[in-house]
Amino acid sequence: MSICANCGKSFDHYGSFFTDICDPCAEIAEGKKIEDLEREDSKYDDHVLKNS
């Protein structure tokens with residue numbers, strides 16, 4: 001468990017999009033739903049795997 005740097009609540013950083021803030025705070029900070037952030041992030045998965 002981690003403590004959100006934004007709201008101070010405990011959250012499971014392994015299941016969250018970011019490791020320092022909880023998903024509800026991430027949605028507010030980014031102005032997007034977690035599903036949208038994950039979809040955008042997945043565009044780079046092949047590039048990262050190919051170059052590692």
Side-chain angles (χ1 to χ4, degrees):
M1 295 300 274
S2 293
I3 303 294
C4 178
N6 193 37
C7 69
K9 293 181 180 176
S10 294
F11 72 101
D12 178 12
H13 69 274
Y14 292 109
S16 297
F17 188 74
F18 293 109
T19 57
D20 57 343
I21 60 175
C22 65
D23 283 351
C25 286
E27 289 182 342
I28 293 167
E30 295 291 325
K32 298 176 182 176
K33 295 272 186 205
I34 291 300
E35 296 83 22
D36 296 331
L37 294 172
E38 289 173 345
R39 190 170 26 259
E40 290 174 8
D41 189 55
S42 70
K43 291 188 236 178
Y44 303 102
D45 287 350
D46 290 341
H47 180 74
V48 171
L49 291 172
K50 190 184 332 177
N51 293 322
S52 46

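Every heavy atom of this structure was used, including side-chain atoms; hydrogens, water molecules and symmetry mates were not.
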Tell me, please, which residues at least two apart from Lys32 pass salt bridge (Lys or Arg N to Asp or Glu O under 4.0 Å). Glu40
Can you tell me which residue pairs pass the salt bridge (charged side-chain N to carboxylate O under 4.0 Å, His left out) test with a partner in residues 8-28, sequence neighbours excluded? none
Specify the closest pair of heavy atoms between Cys4 and Cys22, including all atoms of both residues, with the distance to one decimal. SG-N, 3.4 Å
Would you mind listing the cluster partners of Phe11? Hydrophobic ones only (ILVMFWY), side-chain contacts under 4.5 Å, chaining allowed. none
Could you identify which residues cluster with Tyr14, counting Ile, Leu, Val, Met, Phe, Trp and Tyr as linked when any side-chain heavy atoms lie under 4.5 Å apart, either directly or through a chain of such contacts? none
Can you list the other members of the hydrophobic cluster that holds Ile21, where links are side-chain heavy atoms under 4.5 angstrom apart? Phe17, Phe18, Ile34, Leu37
